[in-house]
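Heads up, the thing below is written out as structure tokens.
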Amino acid sequence: MHDCIKVIQIHFCGRLRNSNPCVVHKYVDAAEFLNLMEWQESREKNLAAHTKAIQAYAVLLGKISEGHQKLYDGRNDLAKAQLIQQIKQSVKELKNILDAIKKI
């Protein structure tokens with residue numbers, strides 16, 4: 001699972017960063033240049049939102065992985081109060097992260 005999270009954090013976010021090319025051209029008039037600048041600004045905001053969403057998704061996967069590991073480690077004593085409390089806390093954290101992703 002950790003390899004999957006690394007791929008998401010590094011590869012996907014890296015691809016988004018690389019998909020924002022620098023624009024180096026000569027333009028016929030100022031209107032074309034201004035239109036291009038507006039488009040570039042819009043694209044940069046879009047890329048920033050996507051990057052933020054991918055990073056939050058990677059955090060979410062990490063928390064799910066931690067929760068699965070806690071369940072596996074405590075598989076012989078699932079009724080233990082401390083384990084139940086840890087699971088409840090993990091569920092709250094997951095809900096918070098999911099809410100944050102929905103707001104993006």
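Since the model is a prediction, treat every value here as computed from it, not as a measurement. Residues: numbered from 1 along the sequence shown.
- Under the rule for a salt bridge (charged side-chain N to carboxylate O under 4.0 Å, His left out), the partners of Glu41 that lie at least two apart in sequence or sit in another chain are Lys45.
- The backbone N or O of Glu38 lies less than 3.5 Å from no partner atom in the side chain of Ser42, so there is not a single donor-acceptor pair.
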Using distance only, find each side-chain donor-acceptor pair of residues 73-88 under 3.5 Å and give its atom names and separation, not counting sequence neighbours.
unit_1	atom_1	unit_2	atom_2	d
Asp73	OD1	Gln69	NE2	2.8
Arg75	NH1	Tyr72	O	2.6

Give the table of side-chain donor-acceptor pairs shorter than 3.5 Å for residues 92-104, with sequence neighbours excluded, one pair per line with atom names and distance.
unit_1	atom_1	unit_2	atom_2	d
Glu93	OE1	Lys63	NZ	3.2
Asn96	ND2	Lys92	O	3.4

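- Note that the OG1 atom of Thr51 and the CD atom of Glu44 stand 11.5 Å from one another [nearest 0.5 Å].
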